[in-house]
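A short worksheet on the structure shown next.
In what follows, every chain begins at residue 1, and chains take the letters A, B, ... in the order their sequences are listed. Just the heavy atoms: all of them, side chains too, but no hydrogens, waters or symmetry mates, feed the values below.
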Number of protein chains: 2
Amino acid sequence: MFTRVLVAEDYEIANQGIIKILNEQVGIYDIEEAKYCDDAYKKFLKAHTSQKPIELLITDLSFKQDDTIQTIISGIDLIKDIRALQPDIKVIVYSQEDRLDKINLLFDRFNINGYVCKGQQAVTELIACVNGVYQGNIMLPPELTDNATTNNIIHLDDLDMMLLEELANGFTKKEIRIKLKKQNISPNSESSIDKRVSNLFDIFKAKNTTHLVAVVKDLGLL
Amino acid sequence: MFTRVLVAEDYEIANQGIIKILNEQVGIYDIEEAKYCDDAYKKFLKAHTSQKPIELLITDLSFKQDDTIQTIISGIDLIKDIRALQPDIKVIVYSQEDRLDKINLLFDRFNINGYVCKGQQAVTELIACVNGVYQGNIMLPPELTDNATTNNIIHLDDLDMMLLEELANGFTKKEIRIKLKKQNISPNSESSIDKRVSNLFDIFKAKNTTHLVAVVKDLGLL
DNA sequence: GATGGCCTTACAGATATCTGTAATTGGGCC
DNA sequence: GGCCCAATTACAGATATCTGTAAGGCCATC
């Protein structure tokens, strides 16, 4: 079993809970905990340069900042930074997130090793996840292994996401077209963009751009 | 100090954390825990009809359901139901929610006794909150007692919120104008609506309607 | 090499958005 | 009443959105 684990979770009580589980039910005792992204990174660094590097990172996705209320600093950056230094580190994300496509994205893009969704089954899932990851498996949450649901996942490609992002940021299609041209991304005609956005209207049953962004925000895709 | 406490929280790990705190740092040992709203209510009922009723309810606001993924059953209903039977029960809500106006609503409308925001300071706050509530105080979270921030809350009137809502729902200004006329709400000219929305652009530093809705969604106002 | 399907692009017309200016209304106040 | 101020409205022009049609390119398949 893993001997050195880092738990990054800004919600203190959850921290306590995780540590309790790891201690009592998985048999891991050498646990670092961090309530801030920065702090987690520092603790990782210290371990990384020592003789006893962290073998497993368990992290939340969103961290609230102290002073401001609404800023959210992503755990994804933490994962990227840590993986940049120690590519073989195992990563388990556990988060409130329950959008299947978003969770899927974590496995696709960031090669996380496991995912546990906060909820009633978190304890059982966490234990199974840590064990599975230790054995070298990719531990998908039960929701994702169920084929009936995965088939219903709408696949949006990079360009779709980029368009949604830029539209939500208030850029016009003209501006977006110029950006695409600059980055040498094709398609980059206003006509193509129109078509793609119209397609998104169909997918999300939106009446116009504003509605589209509202729907997508509600879904948590942005 | 309270002797009988009911903890309702669907996130198992947080449950564990809370119980640990109450045990070790507050000195409460007779704790019922529930992962479902229904379950919490049953345990409350059982205690209520016995010689040892619950004195304090600590509850989350949102509970995920088992089978479906995104359905959320509100802890507010739990509070209402429990208070209906035992009006003097003390209630502490702790939740992810950090919108000040929303938290304020809980005190205003549901007369909760305390609020703890999940986050880095949750342990300290929870301890202080339980102690304060025991002494009969209303324990506002630090964010709400701080005047500097409450003064900064932007006040939007009903019409502003209505406009934001309708725009997010994909209605055009023409459609909104017609709705307003139907409901005999003034102002109801397209020009006035334009002006008001432009004003919202200024307030939220938005470039256009789509951007505005995105910003407002991010802020949690919609 | 011809066919058909799919994606990209160009173009165009109707509608909506955004931003001004200017006219009108409706209090509050002296 | 007369004045002022702010909010509401009407109107207009430039820009953007949305929805078509049509033409061209790419690629797999026959």
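- Under the 4.0 Å criterion applied to side-chain N and carboxylate O atoms, A/K174 and A/E190 are not assigned as salt-bridge partners.
- For DNA chain D, the span of nucleotides reached by chain A at under 4.0 Å from its heavy atoms goes, 5' to 3', from D/dA16 to D/dT21.
- For B/K179 and B/F171, the positive end sits near the middle of the six-membered ring, less than 6.0 Å away and at most 45° from its axis.
- Between atom CE of residue A/M139 and atom CD1 of residue A/I92 there is a gap of 8.5 Å, rounded to the nearest 0.5 Å.
- Ring geometry for B/Y11 versus A/Y11: interplanar angle of 30 to 60°, hence tilted.
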For nucleotides 7-10 of chain C, tabulate all protein N/O to nucleotide N/O atom pairs closer than 3.5 Å, reporting atom names and distance.
unit_1, atom_1, unit_2, atom_2, d
C/dT9, OP2, A/N188, N, 2.9
C/dT9, OP2, A/S189, N, 3.2
C/dT9, OP2, A/S189, OG, 3.4
C/dT9, OP2, A/S192, OG, 3.2
C/dA10, N7, A/S191, OG, 3.1
C/dA10, N6, A/S191, OG, 3.2

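- Atom OH of B/Y134 has 12 or fewer heavy atoms from other residues, nucleotides or ligands within 6.0 Å.
- Here the side chains of B/T210 and A/L212 are not in contact, with every heavy-atom distance at 4.5 Å or above.
- No hydrogens or angles considered: nothing links the side chains of B/E125 and B/Y115 as a donor-acceptor pair under 3.5 Å.
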